[in-house]
Amino acid sequence: MTGNGGPWLSGVGLTPFGRQPGPTALEWQARAALAALDDAQVLATEVDAVICGYATTHGHLMPADLLAEQIGARPDAAFGMSAGGATGLAMVAAAARLIRAGDATTVLVAAGEDRASGQSGDVSTRTLAQVGHRRYEVPLGATVPAYYALLASHHLAQHSLTPADLAPLAVQMRTHAGPTEGAHLRAPVTVADVEQSRMIAEPLRLLDCCPVSDGGAAFLVSAEPRGGRAVRITGIGEGHRHQHICEADFSDLGARRAARAALRRAGRDLDDVDIAGIYDSFTITLAMLLEEIGFSAPGTSGADAARGSFDRTGRLPLNTHGGLLSYGHCGVGGGMAHLAEVVTQLRGAAGARQVPRPPRTALAHADGGVMSAHVSIVVEAA
């Protein structure tokens with residue numbers, strides 16, 4: 001994949017996130033999908049491939065066919081995908097490959113879930129905990145926050161940090177969510193608020209963790225630009241180094257590999273990135289990804305946030321919609337919101353949250369499992 005042409009990301013559909021009882025997972029997917037089609041000025045009957053993400057509240061065996069039927073599409077290809085939090089960007093990567101191979105021209109990528117209102121917290125916790133090793137981790141009662149707490153303990157000890165050093169990342173995400181319509185959490189917080197929030201899995205407190213949300217997201221990926229506001233997908237990279245934390249190589253989790261591959265294929269480097277969307281299920285997730293990718297030196301991402309490096313006016317505007325930590329997390333659609341936001345910024349259509357220096361090149365990165373699956377995508381303004 002080079003930086004000289006498409007595929008193109010022509011349509012974006014993103015619903016508000018939050019606790020919104022009523023719509024099912026399929027209905028959230030359809031809402032986002034129809035919004036993306038409308039944004040790209042494409043009819044459902046023009047779609048020749050549909051890729052749909054999994055939903056923990058709706059275990060249908062054929063989610064893409066179901067969604068296609070719901071919106072009136074009759075695609076030649078339709079399939080579901082599951083790579084944890086990296087699923088959304090992995091689906092976009094698959095769409096781009098279908099187009100480059102000549103197997104499709106108009107691909108709808110969608111996900112959505114009633115994760116907050118469609119199941120109890122206990123069920124959600126047990127379901128997500130299955131990313132752990134079935135023999136060595138799950139039987140011990142570990143949860144996803146507990147797995148990430150292990151990462152946090154290791155990271156803080158390695159770099160002689162305290163939990164307070166992660167807090168500025170949560171504060172920055174909430175600051176960005178403030179003017180973002182549709183964000184799950186918009187009230188400002190301070191470092192002290194983070195430190196005083198209740199403990200979830202030591203050393204991670206409530207405000208170190210993303211909220212569970214309802215909502216959906218979708219993209220229309222095309223061989224030619226559609227709708228008049230398309231951006232180019234110029235680079236894709238992936239890294240899948242382990243599944244279980246007990247098998248992880250902390251010197252190479254896969255994020256650096258994915259980002260470097262995407263940038264290399266785009267003909268860019270880190271210094272060319274004007275704005276970023278980086279997965280942030282927990283403050284430690286964001287810290288480790290920023291540092292492994294290279295946007296921050298080891299152990300310094302929290303300090304960078306505290307000094308304003310990731311603000312809209314900083315050296316690298318980051319998760320300007322509020323990220324998973326504040327815009328919210330509805331499953332696969334949560335990771336897709338990062339890409340939706342950088343595309344919106346590249347279009348100059350972010351309104352009150354628009355960064356003042358018009359961005360030209362953006363990098364989005366998603367993580368699935370416990371730092372297990374990594375996908376990076378570079379998108380550039382036309």
Side-chain angles (χ1 to χ4, degrees), residues 14 85 88-89 165-180 183-186 188-189 191 194 207-208 210 255-256 258-259 262-263 268-329 334-348 350-367 374-381:
L14 183 66
L89 296 197
D165 292 307
L166 298 176
L169 294 165
V171 173
Q172 181 68 83
M173 296 305 99
R174 189 63 63 85
T175 299
H176 282 168
T180 305
H184 192 153
L185 301 173
R186 298 175 67 182
V189 297
V191 168
V194 179
L207 294 181
D208 288 299
C210 66
R256 183 184 304 109
L263 289 165
R268 304 293 184 184
D269 58 36
L270 284 178
D271 290 337
D272 295 319
V273 176
D274 300 313
I275 188 168
I278 307 295
Y279 202 82
D280 58 322
S281 50
F282 302 92
T283 51
I284 186 57
T285 316
L286 185 56
M288 292 180 69
L289 291 176
L290 287 168
E291 293 168 24
E292 180 166 332
I293 291 170
F295 287 126
S296 291
T300 68
S301 56
D304 284 344
R307 67 172 62 97
S309 297
F310 305 130
D311 195 68
R312 291 187 182 92
T313 59
R315 64 172 171 84
L316 181 71
L318 174 70
N319 297 354
T320 50
H321 63 309
L324 296 167
L325 285 166
S326 288
Y327 192 86
H329 196 349
M336 295 169 71
H338 297 78
L339 180 58
E341 175 64 12
V342 298
V343 169
T344 301
Q345 291 282 351
L346 291 178
R347 291 172 164 184
R353 66 181 189 278
Q354 183 67 45
V355 299
R357 297 192 306 272
R360 300 290 302 173
T361 300
L363 183 141
H365 182 91
D367 151 52
H374 296 272
V375 184
S376 292
I377 294 181
V378 176
V379 286
E380 301 190 50

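Residue numbers run from 1 in the order of the sequence given. As a basis for the values below, the full set of heavy atoms in this structure was taken, side chains included, without hydrogen atoms, waters or symmetry mates.
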Next item on the list: List in chain and number order the residues that pass ring pair (Phe, Tyr, Trp, His ring centres under 6.0 Å) with Phe282, two or more places apart in sequence or in another chain; answer none if no residue qualifies.
Entry: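 Ring pair (Phe, Tyr, Trp, His ring centres under 6.0 Å) check on Phe282 returns Tyr148.
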Checklist line | ring pair (Phe, Tyr, Trp, His ring centres under 6.0 Å) involving His176 - partner list, sequence neighbours excluded | finding: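 None.
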[X] vs [Y] side-chain heavy atoms within contact, under 4.5 Å:
X      : Y      : answer
Leu289 : His374 : yes
Arg357 : Asp274 : no
Val342 : Val379 : yes
Ile275 : Leu318 : no
Tyr279 : Leu286 : no

Check: Are Thr300 and Glu291 linked by a side-chain donor-acceptor pair shorter than 3.5 Å?
Finding: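 Per modelled atom types, Thr300 and Glu291 side chains form no pair under 3.5 Å.
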Check: Centres of the His321 and His338 rings: under 6.0 Å?
Finding: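 Yes, ring centres under 6.0 Å apart.
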Examine distances only and state if a side-chain atom of [X] and a backbone atom of [Y] form a donor-acceptor pair shorter than 3.5 Å.
X      : Y      : value
Asp280 : Leu325 : yes
Asp311 : Gln172 : no
Glu292 : Arg256 : yes

Item checked: Test side chain to side chain contact (heavy atoms under 4.5 Å, CB included) applied to Ala340 - qualifying residues, sequence neighbours left out ->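 Testing Ala340 for side chain to side chain contact (heavy atoms under 4.5 Å, CB included), a comparison that skips the adjacent residues, returns Val12, Leu14, Phe219.
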Mind checking the [atom1]-[atom2] spacing from [X] to [Y]? Nearest 0.5 Å is all I need.
X      : Y      : atom1 : atom2 : result
Leu166 : Ser301 : CG    : OG    : 7.0 Å
Arg312 : Thr320 : CZ    : OG1   : 6.0 Å
Arg174 : Thr180 : CZ    : OG1   : 11.5 Å

Salt bridge (charged side-chain N to carboxylate O under 4.0 Å, His left out) against [X], all qualifying residues, sequence neighbours excluded:
X      : value
Arg347 : Asp39
Glu341 : Arg353
Arg315 : Asp304

